[in-house]
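Following: one structure in structure tokens, then a few remarks.
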Amino acid sequence: GFGMAGRMLRERLIDPLMPTYYLRTLSWGALTRLYPRQFTVWQEDANEDDGYRMIKSMSRLPSNPEVEDIYDYENGNANDPEKSQGFGALNALG
């Protein structure tokens, strides 16, 4: 059926492709990537000329909890997750 044909097309043609850009807007900033550069987390900042300040750069796509942990750490609302047990809400519980 069409389901199998679509799945095979995705597996053979689309899955191997590398995305050249990534943009996820957040209520307080954005997560971006422009290949081959790293993923970057940006926070809105009225003091910056372009209105945003980069707060973290990563070689892989961070999960939603990781992005929130990065924001919380940058704004003094959490300990540095990289120096303790890693990113994630469950790691903060101990």
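Predicted model only: the values in this text are computed from it and were never measured.
- Rounded to the nearest 0.5 angstrom, Leu61 CG and Arg33 CZ are separated by 9.0 Å.
- A distance of 9.0 Å separates CG of Asp45 from CG of Asp50, quoted to the nearest 0.5 Å.
- Side-chain contact between Val67 and Leu26 is present, with heavy atoms from C-beta onward closer than 4.5 Å.
- Taking CG of Leu31 as the reference point, atom CG of Leu23 lies at 8.5 Å (rounded to 0.5 Å).
- For Glu74, the side-chain contact (heavy atoms from CB on, under 4.5 Å) criterion is met by Gln43, Arg53, Ile55, not counting sequence neighbours.
- A search for side chain to side chain donor-acceptor pair (under 3.5 Å) contacts involving Asn64 returns Arg24, not counting sequence neighbours.
- Taking Asp15 as the reference, Arg10, Glu11 meet the side-chain contact (heavy atoms from CB on, under 4.5 Å) condition, with sequence neighbours excluded.
- No donor-acceptor distance shorter than 3.5 angstrom exists from the side chain of Asn77 to the backbone of Tyr73, with no hydrogens or angles considered.
- The residues Glu66 and Lys56 are annotated as not salt-bridged, no charged nitrogen and carboxylate oxygen being separated by less than 4.0 angstrom.
- Looking at residues two or more places apart in sequence or on another chain, you find no side chain to side chain donor-acceptor pair (under 3.5 Å) involving Glu44.
- Residues in residues 34-54 take part in these ring pair (Phe, Tyr, Trp, His ring centres under 6.0 Å) pairs, two or more places apart or across chains: Tyr22-Phe39.
- Judged by distance alone, the side chains of Thr40 and Ser57 never bring a donor and an acceptor atom under 3.5 Å apart.
- Here the CE atom belonging to Met54 is positioned 9.0 Å from the OG1 atom belonging to Thr32, to the nearest 0.5 angstrom.
- Looking at residues two or more places apart in sequence or on another chain, you find a side-chain contact (heavy atoms from CB on, under 4.5 Å) between Arg37 and Leu34.
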